[in-house]
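The structure under discussion appears below in the form of C-alpha cells.
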Amino acid sequence: MFTEMQKRKIKAIITRVNTSMLEARWLGQTFNENVYQQFKNLAIDSFGERGEYHTTVVDADFFLKEIEFTFYEDRIGNKLQLKLSSISVL
C-alpha cells in the first residue's frame with residue numbers, strides 16, 4: 001500500500017482519533033509508513049479498521065490543483081477530531 005501511496009504522492013493526515021484506543025498526539029500527523037509501523041507496535045489495527053483513527057487525503061498526484069485546508073479541533077465523547085473550517089484552491 002505504501003508503495004502505491006508514494007508512487008501517487010498521496011498525503012493523508014490523521015483527522016480523527018479514538019482517545020480510548022490511541023493517544024491524542026496522533027491527531028494531525030501525516031499517515032505514512034513510519035506511523036504505520038509505530039501503530040503495529042502499539043497492538044492496534046495499523047490501518048484503523050477497528051475505529052482507532054480515520055484519515056483524510058489532503059494531496060495526491062491526481063488532484064488537479066493544490067488545495068489548502070484549515071482545520072480546527074473538536075471533541076465528541078472519546079473522539080478527538082479535526083474538522084474542516086476552510087478550503088482554498090490555489
Side-chain angles (χ1 to χ4, degrees):
M1 178 176 127
F2 291 104
T3 302
E4 186 66 20
M5 285 179 73
Q6 289 172 340
K7 180 178 152 186
R8 302 299 307 263
K9 297 182 173 119
I10 295 172
K11 180 181 178 184
I13 60 171
I14 299 170
T15 52
R16 187 170 188 169
V17 173
N18 183 335
T19 57
S20 69
M21 305 167 93
L22 195 59
E23 292 178 52
R25 70 182 180 93
W26 294 103
L27 190 69
Q29 298 293 316
T30 300
F31 183 73
N32 55 31
E33 192 165 6
N34 181 48
V35 169
Y36 169 77
Q37 291 299 330
Q38 290 182 58
F39 285 173
K40 281 178 65 174
N41 293 335
L42 293 174
I44 63 167
D45 186 288
S46 301
F47 289 108
E49 294 297 320
R50 288 186 229 127
E52 295 90 340
Y53 66 93
H54 295 282
T55 61
T56 300
V57 174
V58 295
D59 196 16
D61 68 352
F62 49 83
F63 284 19
L64 298 177
K65 296 189 179 217
E66 186 178 349
I67 301 172
E68 183 177 87
F69 299 91
T70 305
F71 296 97
Y72 67 93
E73 285 188 21
D74 187 34
R75 179 177 288 276
I76 300 172
N78 62 353
K79 312 268 189 317
L80 183 60
Q81 59 192 356
L82 294 178
K83 286 190 156 186
L84 186 63
S85 62
S86 70
I87 184 170
S88 302
V89 178
L90 305 176

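Annotation: the span from F69 atom CZ to S85 atom OG amounts to 11.5 Å, rounded to 0.5 Å. The CD atom of Q6 lies 9.0 Å from the CG atom of N32; values are rounded to the nearest 0.5 Å. The structure places OG of S46 at 7.5 Å from CZ of F31, a figure rounded to the nearest 0.5 Å. Between atom CD of residue Q29 and atom CG of residue N34 there is a gap of 9.5 Å, rounded to the nearest 0.5 Å.
Within the 4.5 Å cutoff, the side chain of V35 has heavy atoms near those of the W26 side chain. Using a 4.5 Å cut-off on side-chain heavy atoms (C-beta onward), L82 and E73 make contact. Under the 4.5 Å side-chain criterion, counting only non-hydrogen atoms from C-beta, I76 is in contact with Q81. Side chains of Q38 and K40 form no contact here, defined as non-hydrogen atoms less than 4.5 Å apart.
In this structure, L64 places its CG atom where only 12 or fewer heavy-atom neighbours from other residues, nucleotides or ligands lie under 6.0 Å away. Atom NZ of K79 has more than 12 heavy atoms from other residues, nucleotides or ligands within 6.0 Å.
Cluster membership for I67 and F62, using ILVMFWY side-chain heavy atoms within less than 4.5 angstrom, is shared.
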Checking side chain to side chain contact (heavy atoms under 4.5 Å, CB included) for the pair F71/L84: CA distance, chi angles, key distance, verdict? CA-CA 5 Å; F71 296 97; L84 186 63; 4.1 Å; yes

E52 and D45: side chain to side chain contact (heavy atoms under 4.5 Å, CB included), yes or no, with the steps? CA-CA 7 Å; E52 295 90 340; D45 186 288; 3.3 Å; yes

Before you tell me yes or no, could you show the steps for V57 and F63 under side chain to side chain contact (heavy atoms under 4.5 Å, CB included), namely the whole-Å CA-CA distance, both residues' side-chain angles and the distance that decides it to 0.1 Å? CA-CA 10 Å; V57 174; F63 284 19; 3.9 Å; yes

Could you walk me through whether T30 and K11 satisfy the side chain to side chain contact (heavy atoms under 4.5 Å, CB included) test, starting with their C-alpha distance in whole Å, then the side-chain angles of each, then the deciding distance to 0.1 Å, before giving a yes or no? CA-CA 7 Å; T30 300; K11 180 181 178 184; 3.7 Å; yes

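Partners of E4 by side chain to side chain donor-acceptor pair (under 3.5 Å), not counting sequence neighbours: none found. Here N41 pairs with nothing under the side-chain contact (heavy atoms from CB on, under 4.5 Å) rule; sequence neighbours left out.
Between Y36 and F47, the two ring planes are tilted [angle within 30° to 60°].
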Going by atom type alone, with no hydrogens or angles, which donor-acceptor pairs under 3.5 Å involve a side-chain atom of residues 12-23 and a protein atom two or more places apart or on another chain?
from	atom 1	to	atom 2	distance (Å)
T15	OG1	T56	OG1	2.9
N18	OD1	S20	N	3.0
N18	OD1	S20	OG	2.6
N18	OD1	N78	ND2	3.1
T19	OG1	R75	NH1	3.4
T19	OG1	N78	O	2.8
S20	OG	N78	ND2	3.0
E23	OE1	R25	NE	3.3

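Closest approach of D61 and K7 over heavy atoms only: OD2-O, 3.9 Å.
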